[in-house]
Amino acid sequence: MEQHYKLFRVRELAGGDEDFVKSLAEAFLEEVPEDAERLKKAVADNDYYTTYQAAHKMKPTVDLFELGVLQDLITVQDWGKFEKTGDDISKELELVLSAVENATAELKTDFNL
């Protein structure tokens with residue numbers, strides 16, 4: 001449990017309400033993997049605007065669950081925001097996608113979802 005994510009800040013926000021913690025985990029599972037797929041496709045298509053939107057939307061949740069890739073996600077977001085055509089963000093994107101995938105699998109197991 002909590003190998004690919006951390007619940008410290010989630011629990012702090014929940015104030016001891018474990019049902020709320022579970023609902024936040026469910027929200028993560030509903031939103032973040034879908035946004036990650038959108039992000040992956042947008043980068044592949046050089047769709048800077050959608051890259052920026054998807055990364056920006058993911059930031060608070062990635063930060064809250066402490067996936068450890070916030071700075072990488074910001075790099076991807078800035079690539080889209082500033083249309084950095086000459087930059088290669090494949091490494092950062094892969095780190096973000098891998099972290100989301102690992103956290104998703106672990107959350108499903110840990111919360112029986």
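Position 1 is the first residue of the sequence; numbering continues from there.
Residue pairs meeting the side-chain hydrogen bond (donor to acceptor under 3.5 Å, both in side chains) criterion with at least one partner in residues 103-113, sequence neighbours excluded, are Tyr5-Asp110.
Between the CG atom in Leu64 and the CG atom in Leu70 there is a gap of 11.5 Å [rounded to 0.5 Å]. For the atom pair OG1 of Thr51 and CG of Asp45, the computed distance is 8.5 Å after rounding to the nearest 0.5 Å. Taken from CD in Gln77 to CE in Met58, the straight-line distance is 11.0 Å, to the nearest 0.5 Å. Note that CG of Leu93 is 9.0 Å distant from CH2 of Trp79, once rounded to the nearest 0.5 Å. For the atom pair Asp35 CG and Lys40 NZ, the distance stands at 14.5 Å (nearest 0.5 Å). Between atom CD of residue Glu83 and atom CG of residue Asn46 there is a gap of 10.0 Å, rounded to the nearest 0.5 Å.
No donor-acceptor pair under 3.5 Å is formed between the side chain of Asp63 and the backbone N or O of Lys59. Checked by atom type and distance alone, the side chain of Lys6 pairs as donor or acceptor with a backbone atom of Glu2 at under 3.5 Å. For the pair Asp78 (side chain) and Lys81 (backbone), a donor-acceptor distance under 3.5 Å is absent.
Side-chain contact between Val76 and Tyr52: absent, with no pair of heavy atoms (C-beta onward) separated by less than 4.5 Å. The shortest distance between side-chain heavy atoms of Lys41 and Asp47 does not fall below 4.5 Å. Using a 4.5 Å heavy-atom cutoff, the side chains of Leu113 and Lys22 are in contact.
Partner of Val69 under the side chain to side chain contact (heavy atoms under 4.5 Å, CB included) criterion, out of Thr75, Ile74, Val62: Val62 alone.
A salt bridge does not link Asp17 with Arg11: none of the charged nitrogens is closer than 4.0 Å to a carboxylate oxygen.
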### Task
Apply the test side chain to side chain contact (heavy atoms under 4.5 Å, CB included) to residues Arg38 and Gln53: give CA-CA distance (whole Å), side-chain angles for both, the deciding distance (0.1 Å), then the verdict.
CA-CA 10 Å; Arg38 193 169 132 222; Gln53 281 188 316; 3.4 Å; yes
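Linking Ile, Leu, Val, Met, Phe, Trp and Tyr residues whenever their side-chain heavy atoms come within less than 4.5 Å places Phe111 and Leu13 in a single cluster.
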Acceptor/donor pairs from residues 23-33 side chains to any protein atom, 3.5 angstrom cut, sequence neighbours excluded:
unit_1	atom_1	unit_2	atom_2	d
Ser23	OG	Phe20	O	2.8
Glu31	OE1	Lys57	NZ	2.8

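Contact detail for Ala36 and Leu97: the closest heavy-atom pair is O-CD2, 3.5 Å.
Evaluation of the side chain to side chain donor-acceptor pair (under 3.5 Å) rule for Ser90 yields Asp88 as partners, not counting sequence neighbours.
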